[in-house]
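Report on the structure given below.
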Number of protein chains: 2
Amino acid sequence: MHAASKRRSHRPARTGVAAAGMTIGRLAAAARVGVETIRYYQRRQLLPVPAAAGVRRYSSGVLHRVQFIKHAQALGFALVEIRELLRLEDGGTRAEVRQIAGARLKNVRDKLAALQRMERVLGHLLADCEASGPQAPCPIIGALASGAGALGAP
Amino acid sequence: MHAASKRRSHRPARTGVAAAGMTIGRLAAAARVGVETIRYYQRRQLLPVPAAAGVRRYSSGVLHRVQFIKHAQALGFALVEIRELLRLEDGGTRAEVRQIAGARLKNVRDKLAALQRMERVLGHLLADCEASGPQAPCPIIGALASGAGALGAP
DNA sequence: CTTGACTCCGTACCTTGGTACGGAGTTTAG
DNA sequence: CTAAACTCCGTACCAAGGTACGGAGTCAAG
């Protein structure tokens with residue numbers, strides 16, 4: 001529950017320089033993630049750690065990076081890959097980007113195929129179980145015990 | 001690399017009672033898993049721990065249980081579910097079995113749907129990237145930065 | 001100036017399915 | 001009989017993506 005305090009909403013601080021940028025709490029709230037998640041991304045080198053001045057300040061560029069991370073996660077990319085994609089965002093070749101995305105797509109397709117096999121077999125077993133008489137031994141247990149209905153070709 | 005030693009292949013031990021059953025190493029080799037995996041299943045209560053008599057002995061019933069576990073894992077069941085399925089193997093109702101299998105099937109279908117969305121978007125982005133001119137900004141990076149091509153309806 | 005909210009930082013913990021390590025005891029081939 | 005192989009047991013570690021905790025410091029409002 002990353003509750004965002006809405007204090008300090010306007011009012012450009014009293015010091016001359018106006019302390020530009022968000023604190024980590026406001027960045028996290030804006031990105032809808034926890035403060036700990038921001039720090040975690042910093043440790044994993046997905047986000048920069050601003051120069052320390054007591055309390056660190058974050059620009060909207062960092063917020064955009066967090067949103068980039070969330071979009072990429074939704075497409076299945078792992079954080080290590082996202083770190084590379086962020087690095088490639090300014091100054092990478094398209095071949096490099098395609099290499100990462102292509103590998104991920106292959107991985108997604110592999111998982112998809114595995115899940116489809118599971119879905120097919122599990123679906124059949126459940127249907128069989130519901131169809132067979134209440135006295136017969138359970139077809140699901142039977143298949144698990146015997147290895148029948150293994151995940152091969154249809 | 002769970003190398004199986006094939007020693008002790010015949011020869012019914014010299015003590016009168018013949019020390020029936022396999023040692024853990026032979027059980028693991030027969031089931032094609034590591035010794036540590038057997039112990040892990042024991043800790044997770046998927047397999048019984050035979051009464052200690054110095055070296056513990058395992059019956060072929062335990063081997064069948066390990067094979068049951070492997071079949072169930074291939075269908076996507078988690079170890080905690082498999083523990084229940086094993087418990088239901090003798091003396092559970094079909095409704096109980098169906099409840100577990102049904103929940104797992106739903107979970108498989110949810111993952112399947114999520115992966116299909118990823119596959120579709122990722123596939124489009126890669127095709128776009130390959131189709132667009134080498135000068136234009138990379139469509140993949142662009143989509144991640146802007147959130148375009150989000151994973152919604154087709 | 002106090003009080004409460006926030007930040008900083010390191011560290012530990014969570015889940016899932018195992019794998020690795022190490023010392024002590026047992027067993028068995030030769 | 002001896003040496004190698006195996007077993008027992010507890011504990012620590014791995015990936016991945018975070019979450020939680022706790023003490024100390026900072027900051028702004030009342």
Side-chain angles (χ1 to χ4, degrees), chain A residues 1-15 18-19 21-29 31-47 49-58 66 69-70 72-74 76-83 104 107 111, chain B residues 1-15 18-19 21-29 31-47 49-58 66 69-70 72-74 76-83 104 107 111:
Chain A
M1 209 185 300
H2 30 76
S5 74
K6 296 294 193 316
R7 299 185 314 138
R8 247 197 263 96
S9 38
H10 29 76
R11 240 173 51 84
R14 69 200 188 302
T15 53
M22 299 166 262
T23 60
I24 196 171
R26 288 174 69 67
L27 168 64
R32 313 287 231 128
V33 300
V35 167
E36 298 308 312
T37 302
I38 300 292
R39 294 198 199 283
Y40 177 68
Y41 290 163
Q42 292 176 333
R43 285 199 295 278
R44 305 297 300 272
Q45 320 242 62
L46 280 89
L47 295 180
V49 180
V55 173
R56 301 177 193 277
R57 299 283 167 168
Y58 298 83
V66 179
I69 293 168
K70 292 181 77 182
Q73 280 188 308
F77 289 104
L79 294 186
V80 279
E81 292 169 337
I82 300 174
R83 184 180 57 190
R104 177 51 56 188
N107 175 275
K111 286 186 191 165
Chain B
M1 215 183 297
H2 30 76
S5 76
K6 295 291 192 319
R7 298 184 314 137
R8 247 195 266 95
S9 36
H10 30 75
R11 237 172 52 85
R14 68 201 188 301
T15 53
M22 299 166 263
T23 61
I24 197 172
R26 288 174 65 70
L27 169 64
R32 313 286 231 129
V33 300
V35 167
E36 298 308 313
T37 302
I38 300 291
R39 295 198 198 282
Y40 178 68
Y41 291 163
Q42 291 177 331
R43 284 199 297 277
R44 305 297 300 272
Q45 320 241 64
L46 280 88
L47 295 180
V49 179
V55 172
R56 302 175 192 278
R57 298 283 166 168
Y58 298 82
V66 180
I69 293 168
K70 292 180 79 182
Q73 281 188 306
F77 289 103
L79 293 186
V80 279
E81 293 168 336
I82 300 173
R83 184 179 58 191
R104 178 50 56 189
N107 176 274
K111 285 187 194 164

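Model, not experiment: these values are computed from the prediction. Just so it is clear: chains get the letters A, B, ... in the order the sequence lines come, proteins before strands, and each one is counted from 1.
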Inset, instruction - Calculate the interatomic distance between A/Gln45 atom CD and D/dG17 atom P; express it in whole Å. - result: 15 Å

Legend entry - Protein-nucleotide distance (A/Arg57, atom CZ; C/dC6, atom P), rounded to Å: 14 Å

Legend entry - Side chain of A/Glu36 (C-beta onward), nearest among D/dT7, C/dG17, D/dA20: D/dA20

Inset, instruction - Could you tell me whether the phosphate oxygens of C/dG10, OP1 or OP2, come under 4.0 Å of any side-chain nitrogen or oxygen in A/Arg43? - result: no

Legend entry - Contact under 4.0 Å: A/Thr37 side-chain N or O vs D/dG17 OP1/OP2: no

Legend entry - Nucleotide nearest A/Arg56 (side chain, heavy atoms from C-beta), chosen from D/dC8, C/dG17, C/dC9: C/dC9

Legend entry - C/dC6 phosphate, OP1 or OP2, under 4.0 Å from A/Thr23 side-chain N/O: no

Legend entry - Any B/Tyr41 side-chain N or O less than 4.0 Å from OP1/OP2 of C/dG17: no

Legend entry - Short side-chain N/O contact from A/Arg39 to OP1 or OP2 of C/dC8, under 4.0 Å: yes

Inset, instruction - With the side chain of B/Val55 defined as its heavy atoms from C-beta on, choose the nearest nucleotide among D/dC27, C/dG17, D/dT7. - result: D/dT7

Inset, instruction - State whether A/Gln73 places a side-chain N or O below 4.0 Å from either non-bridging phosphate oxygen (OP1 or OP2) of D/dG18. - result: yes

Legend entry - Residue mapping more 5' on DNA chain C - nearest nucleotide basis, B/Arg44 or A/Ile24: A/Ile24

Legend entry - side chain to side chain donor-acceptor pair (under 3.5 Å) partners for A/Arg104, two or more places apart: A/Glu81, A/Asn107

